[in-house]
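Below: one structure, written as structure tokens.
Scope of the values below: all heavy atoms of this structure, side chains included, with no hydrogens, waters or symmetry mates. If you're wondering where the values come from, they're calculated on a predicted model, not measured in any experiment.
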Amino acid sequence: MVLSDVFLIAAIVCLLFIGWRDFVTLKISNKIVLALLGVYVAYTGLRFFAEGLPVAAIIDELIAGGILFGLTFVFWLLGKIGAGDVKLYLPVGLFIGLNGLLPYAVFLAITSILTLIVIKAGGRLSKGKTWFGQRLTELRGLGKVPYGVPMGLSTVCVMIGERLQPF
């Protein structure tokens with residue numbers, strides 16, 4: 001384990017917290033997104049100065065963040081996605097980079113479908129007896145999906161997959 005892995009773990013914790021918070025409140029806080037951006041800056045700085053990360057890799061990450069933010073901004077303008085999700089896509093793109101966009105899209109499709117299934121069936125299965133079941137029932141009734149959940153889980157999957165690849 002290298003020192004930059006500490007920041008990678010911090011990013012994973014932030015992403016999981018964002019997903020949980022979005023599930024509970026249907027909001028993604030500006031503060032946690034800024035914290036995640038700060039973790040990215042520290043993570044990238046350490047990889048650049050201590051591990052010799054090439055500038056081209058940083059540019060790829062910046063492009064990926066810009067692409068995801070730009071695309072989702074258009075969806076926000078069309079009323080298809082929340083502003084918190086748009087803000088979150090910038091650090092998501094930064095952490096996964098251009099090479100992670102395709103795996104991210106695959107994981108996002110899978111986790112989005114699973115999230116929808118859980119929301120549609122979860123409250124019914126538990127008959128709303130638990131807090132979690134009650135929340136699922138509320139979400140189903142509202143017709144809303146906490147999109148931070150699949151976004152965070154998909155990002156974590158890509159980050160771990162990239163970290164575990166042999167160099």
Side-chain angles (χ1 to χ4, degrees), residues 1-23 25-118 145-167:
M1 182 164 146
V2 294
L3 187 55
S4 63
D5 288 345
V6 172
F7 291 101
L8 193 64
I9 292 167
I12 289 170
V13 169
C14 283
L15 287 162
L16 295 176
F17 177 77
I18 287 168
W20 175 253
R21 186 91 168 128
D22 194 26
F23 176 77
T25 67
L26 290 173
K27 295 193 184 309
I28 296 175
S29 158
N30 290 342
K31 291 177 186 176
I32 192 69
V33 172
L34 286 173
L36 190 56
L37 285 169
V39 170
Y40 170 78
V41 169
Y43 174 66
T44 302
L46 191 56
R47 289 184 306 149
F48 179 73
F49 290 111
E51 299 170 17
L53 179 71
V55 173
I58 298 171
I59 291 170
D60 282 353
E61 292 169 353
L62 292 171
I63 291 170
I67 288 170
L68 289 179
F69 180 82
L71 286 174
T72 56
F73 184 76
V74 171
F75 287 127
W76 175 75
L77 289 173
L78 297 171
K80 302 295 181 190
I81 193 169
D85 301 324
V86 175
K87 292 179 284 191
L88 180 56
Y89 263 117
L90 176 62
V92 164
L94 295 174
F95 275 105
I96 64 173
L98 285 175
N99 291 334
L101 287 177
L102 181 59
Y104 176 78
V106 171
F107 281 119
L108 185 62
I110 293 167
T111 57
S112 294
I113 291 168
L114 291 174
T115 300
L116 285 172
I117 290 170
V118 169
V145 177
Y147 204 53
V149 174
M151 287 172 62
L153 291 175
S154 300
T155 307
V156 168
C157 289
V158 172
M159 290 167 62
I160 291 172
E162 287 177 347
R163 178 63 183 96
L164 295 178
Q165 283 183 3
F167 293 78

Below 30° counts as parallel, above 60° as perpendicular, anything between as tilted: where do the rings of Y89 and Y147 land?
tilted
For the atom pair CG (L90) and CD1 (I67), what is the distance rounded to the nearest 0.5 Å?
12.0 Å
One pair to check against side chain to side chain contact (heavy atoms under 4.5 Å, CB included): T44 and R47. What are the steps and the verdict?
CA-CA 5 Å; T44 302; R47 289 184 306 149; 3.4 Å; yes
Measuring from atom CG of L153 to atom CD1 of I18, what distance do you get when rounded to the nearest 0.5 angstrom?
11.5 Å
For the atom pair CZ (F73) and CG (L78), what is the distance rounded to the nearest 0.5 Å?
10.5 Å
Can you tell me how far the CZ atom of F95 sits from the CG atom of L37, to the nearest 0.5 Å?
8.0 Å
Between S154 (side chain only) and Y104 (backbone N and O only), is there a donor and an acceptor less than 3.5 Å apart?
no
Do you know which two heavy atoms are closest between A64 and G97, and how far apart they sit?
CB-C, 3.4 Å
Value for CD1 (I12) from CD1 (I160), rounded to nearest 0.5 Å, stands at 4.5 Å
Contact check, side chains of M151 and D22, non-hydrogen atoms, under 4.5 Å:
no
Validation row: I32, R21 side chains within 4.5 angstrom (heavy atoms)
no
Do the non-hydrogen side-chain atoms of F107 and T155 ever get within less than 4.5 Å of each other?
no
Indicate yes or no for a side-chain donor-acceptor contact from T72 to the backbone of F69 under 3.5 Å, with no hydrogens or angles considered.
yes
Working to the nearest 0.5 Å, report the span between CD1 of I113 and CG of L108.
9.5 Å
Taking everything shown except D60 itself, do over 12 heavy atoms lie less than 6.0 Å from its CG?
yes
One pair to check against side chain to side chain contact (heavy atoms under 4.5 Å, CB included): V158 and V92. What are the steps and the verdict?
CA-CA 10 Å; V158 172; V92 164; over 6 Å; no
For residues W20 and F17, establish whether the separation of their ring centroids is below 6.0 Å.
no
Should L3 and V6 be marked as a side chain to side chain contact (heavy atoms under 4.5 Å, CB included) after you check the CA-CA gap, both sets of side-chain angles, and the distance that decides it?
CA-CA 6 Å; L3 187 55; V6 172; 4.3 Å; yes
Step by step, work out the side chain to side chain contact (heavy atoms under 4.5 Å, CB included) result for L101 and L68.
CA-CA 9 Å; L101 287 177; L68 289 179; 3.9 Å; yes
